[in-house]
Amino acid sequence: MPTRQPKQLLLSFFGEYLVDEYVGPIRASVVIAVLEQAGVAAPATRATLDRLVQSGLLLRERSGREIMFSLTEHATAVLREATDRVRSPEIGIAHDEGWTLVTFSIPEEKRQLRHRLRATLAWEGFAPLRDGLWLAPGEVDLESSLEPLRSDLPIGSLAAFYAHELAGFSIAESVRTAWDIDAIRAAHEEFIAEWSDAPPLPDGVGTPASLARLAMLVADWLALQRVDPRLPVEYLDDHWPAARSFELYRRRRSELKLAANAEFDVLVAPRERIGIRSA
């Protein structure tokens, strides 16, 4: 799998325990302890937390000698969408016929906005067909996915269409142009190789080993979701590995969740929290 960045691990952990389930804020020491078990040194975790505060995803406050963090409304909305994929009971495959097309032009001076738009489109399954023209399978709910960007997009900078291919003009070549099917398959195979031989869970609780492994698993799964646009099956290779990686992910998450919840209870005590559901 690609190298896991501290930001990916933090957001995966927050998505599991700060969206809907935990009455925050959460102590910095808890976050540091979890990421240390995932191989991230405390200074790197603190620096990442600082950047998330600066980017408007986290709120920071002091309670006595403790530094506390909580999600902003924007971060909660973003993570809730990701959490829907993390907890989905079925593999995502485009069932709608047709394709969503987006064309846009963002001025050079708005480079950060262009990056945010591209990242949003990629998360929704789009890939660039050519400069400024992106393609995704099925009918994408762009109104919802682009809502956080809507006020920043210049008037007339983006247009979207829902289309069907015409007889005699197969879209198969466009699919191969937009997406590297072999690379998507390889990403699934990497995930399967990474998580097929999981070590046994540690006895008892106290150190957040299962919490860390759960954050790593979710981070890897979300990274795979960004690579795989969930293309219709007729464009995929024989024995496509998505079903295998999905079943493996669900099994590993189920195995880790109960122990991770118990470790989380220990770490946040005696802070008030509501019961965490095992999913």
Side-chain angles (χ1 to χ4, degrees), residues 1-17 19 21 30-42 44-45 48 79 82-93 122-123 179-231 233 236-267 276-279:
M1 295 300 296
T3 302
R4 303 177 186 102
Q5 300 299 319
K7 180 180 177 180
Q8 293 175 302
L9 293 166
L10 277 172
L11 293 180
S12 297
F13 174 61
F14 291 155
E16 283 291 310
Y17 289 102
V19 175
E21 295 187 342
V30 170
V31 181
I32 290 170
V34 173
L35 262 67
E36 279 183 334
Q37 289 290 319
V40 180
T45 299
T48 305
L79 290 178
T83 298
D84 289 343
R85 293 194 189 180
V86 166
R87 298 175 183 173
S88 174
E90 59 184 32
I91 187 171
I93 292 290
W123 174 250
W179 290 282
D180 186 337
I181 304 297
D182 289 339
I184 299 171
R185 171 187 279 279
H188 278 283
E189 298 290 0
E190 283 184 49
F191 180 88
I192 292 168
E194 176 75 15
W195 289 99
S196 287
D197 298 322
L201 293 174
D203 293 330
V205 295
T207 61
S210 294
L211 271 172
R213 285 171 56 195
L214 180 61
M216 293 161 67
L217 173 67
V218 171
D220 287 355
W221 181 247
L222 290 176
L224 179 57
Q225 296 298 290
R226 292 184 182 95
V227 172
D228 186 351
R230 300 163 295 283
L231 292 167
V233 293
L236 304 176
D237 300 338
D238 293 338
H239 311 295
W240 188 249
R244 286 189 290 130
S245 60
F246 175 76
E247 290 304 322
L248 175 61
Y249 163 71
R250 294 297 297 174
R251 185 167 69 253
R252 289 288 176 253
R253 187 170 185 272
S254 178
E255 291 168 354
L256 288 167
K257 189 65 173 169
L258 189 60
N261 288 349
E263 290 172 0
F264 189 79
D265 280 332
V266 172
L267 284 174
I276 288 183
R277 303 181 299 271
S278 58

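Please read all numbers here as calculations on a predicted model, not as lab measurements. By convention here, the first residue in the shown sequence is residue 1.
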Do the side chain of Thr48 and the main chain of Ala44 share a donor and acceptor less than 3.5 angstrom apart? yes
Below 30° counts as parallel, above 60° as perpendicular, anything between as tilted: where do the rings of Trp240 and His188 land? perpendicular
Heavy-atom check, side chain of Leu211 versus side chain of Tyr17, under 4.5 Å: yes
Does a side-chain heavy-atom distance below 4.5 Å link Phe14 with Val31? yes
Please evaluate residues Asp237 and Asp182 with respect to the criterion side chain to side chain contact (heavy atoms under 4.5 Å, CB included), reporting the C-alpha separation (whole Å), side-chain torsions for both, the decisive distance (0.1 Å), and the verdict. CA-CA 9 Å; Asp237 300 338; Asp182 289 339; 4.0 Å; yes
Report yes if the side chains of Leu224 and Trp221 come closer than 4.5 Å at any heavy-atom pair, otherwise no. yes
With distance as the sole test, does Glu16 use its side chain to make a donor-acceptor pair with the main-chain N or O of Leu214 at under 3.5 Å? no
Using a strict 4.0 Å threshold on nitrogen-to-oxygen distance, state whether Glu194 and Arg252 make a salt bridge. no
Heavy-atom side-chain contact between Met216 and Trp195 under 4.5 Å: yes
Look up atom CG in Leu35 and atom OG in Ser12, then write down how far apart they are to the nearest 0.5 Å. 9.5 Å
Can you see which heavy atom on Ala42 is nearest to which on Ile32, and at what distance? CB-CG2, 3.7 Å
Let me confirm one number: the OG1-CG distance from Thr45 to Leu9, rounded to the nearest 0.5 Å. 8.5 Å
A side-chain contact here means heavy atoms from C-beta on lying under 4.5 Å apart; do Ile192 and Glu189 qualify? yes
Under a 4.5 Å cut-off applied to non-hydrogen side-chain atoms, are Leu11 and Val218 in contact? no
So CG of Leu258 and CD of Glu263: to nearest 0.5 Å the spacing works out to 10.0 Å
Work out which heavy atom in Ala260 is nearest to a heavy atom in Ser210; give both atom names and the distance. N-CB, 3.8 Å
When you measure from the side chain of Ser245 to the backbone of Ala242, do you find a donor-acceptor pair of N or O atoms at a distance under 3.5 Å? yes
Please find the pair of heavy atoms, one from Val227 and one from Pro229, that lie closest to each other, and give the distance. O-CD, 3.4 Å
Which distance, rounded to the nearest 0.5 Å, do you find between the CG of Leu10 and the CZ of Arg4? 14.0 Å
Within the 4.5 Å heavy-atom criterion, are Arg213 and Gln37 side-chain neighbours or not? no
Would you call Leu222 and Trp123 a side-chain contact if the rule is heavy atoms closer than 4.5 Å? yes
